[in-house]
Amino acid sequence: MSPSMLTVGLDPALVDDAPSSRAAFPEIDAEVVRAGVAAERARLKELGFTVDACLLDHGGTAEAVYRAALSRKVYDIAMIGAGVRLDPALTHLFEVLVDTTRELAPGAKLCFNVSPSTTAEAVQRWWPERKPLA
């Protein structure tokens, strides 16, 4: 059975509109995020993971959306993206996501990327047997 993974992060459409996101990640825009997420999702599928995505706003409905996503199925991994984690304005949202994961998916490994293009690398720290076939 394939390990299941839920990636959670800001909706890329919001990256360009949020002053705190622009300040935290000046070199990243919505298109960079979309491209990185798509590439890493394809790579994770090649490695044998099933991947679902949960896109959030800056906090208004984020907790409810994340709770609904975690309630749909059991996940082996929850990946909280750098856009939430590394933006100081979103520290409270990051804390809510960690606590919600502990509550609703206590068996899931938490992992963290540093950019959209490092998601597979972060997951492989917890699932090292999922290396690319040579």
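It should be emphasised that the depicted structure is a prediction, and the values quoted were computed from it without experimental measurement.
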Any side-chain heavy-atom pair from Asn113 and Arg85 closer than 4.5 angstrom?
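Counting from C-beta outward, Asn113 and Arg85 do come under 4.5 Å.
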Side-chain heavy-atom pair Val74, Ser4 within 4.5 angstrom cut-off:
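Side-chain contact under 4.5 Å: no.
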side-chain contact (heavy atoms from CB on, under 4.5 Å) between Leu90 and Leu10: does it pass, once the steps are laid out?
CA-CA 10 Å; Leu90 298 177; Leu10 291 180; 3.7 Å; yes
Nearest atoms (heavy-atom pairs only) where [X] meets [Y]:
X	Y	answer
Ala122	Met79	CB-CE, 3.5 Å
Ser115	Ala82	N-CB, 4.1 Å
Ala108	Ala78	CB-N, 4.3 Å
Leu70	Thr101	CD1-CA, 3.9 Å
Thr119	Met5	CG2-CE, 3.6 Å
Gly9	Val84	CA-CG2, 4.2 Å

Value rounded to 0.5 Å, distance of [atom1] in [X] from [atom2] in [Y]:
X	Y	atom1	atom2	result
Phe49	Asp76	CZ	CG	8.5 Å
Leu6	Leu104	CG	CG	11.0 Å
Trp126	Ile77	CH2	CD1	10.0 Å
Leu110	Arg102	CG	CZ	9.0 Å
Lys45	Arg41	NZ	CZ	4.5 Å
Tyr66	Asp99	OH	CG	10.5 Å

If a pair satisfies salt bridge (charged side-chain N to carboxylate O under 4.0 Å, His left out) and one of its residues is in residues 51-65, list it, with sequence neighbours excluded.
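Sorted result for residues 51-65: Asp52-Lys73, Glu63-Arg67.
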Apply side-chain contact (heavy atoms from CB on, under 4.5 Å) to the pair Leu47 and Gln124, showing each step before the final yes or no.
CA-CA 10 Å; Leu47 294 171; Gln124 287 175 315; 3.4 Å; yes
Would you kindly confirm whether Ile80 and Val96 end up in one hydrophobic cluster when ILVMFWY residues are joined by side chain heavy atoms under 4.5 Å apart?
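Different clusters.
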Are Leu55 and Phe112 linked, directly or through other ILVMFWY residues, by side chains that come within less than 4.5 angstrom of each other?
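Hydrophobic grouping puts Leu55 apart from Phe112.
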Glu46 bridged to Arg43 by N-O distance under 4.0 Å:
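So Glu46 does not pair with Arg43 through a salt bridge.
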side-chain contact (heavy atoms from CB on, under 4.5 Å) between Leu93 and His58, worked out
CA-CA 8 Å; Leu93 176 57; His58 287 96; 5.8 Å; no
Under 3.5 Å: donor-acceptor pair, side chain of Thr7, backbone of Gly81:
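No.
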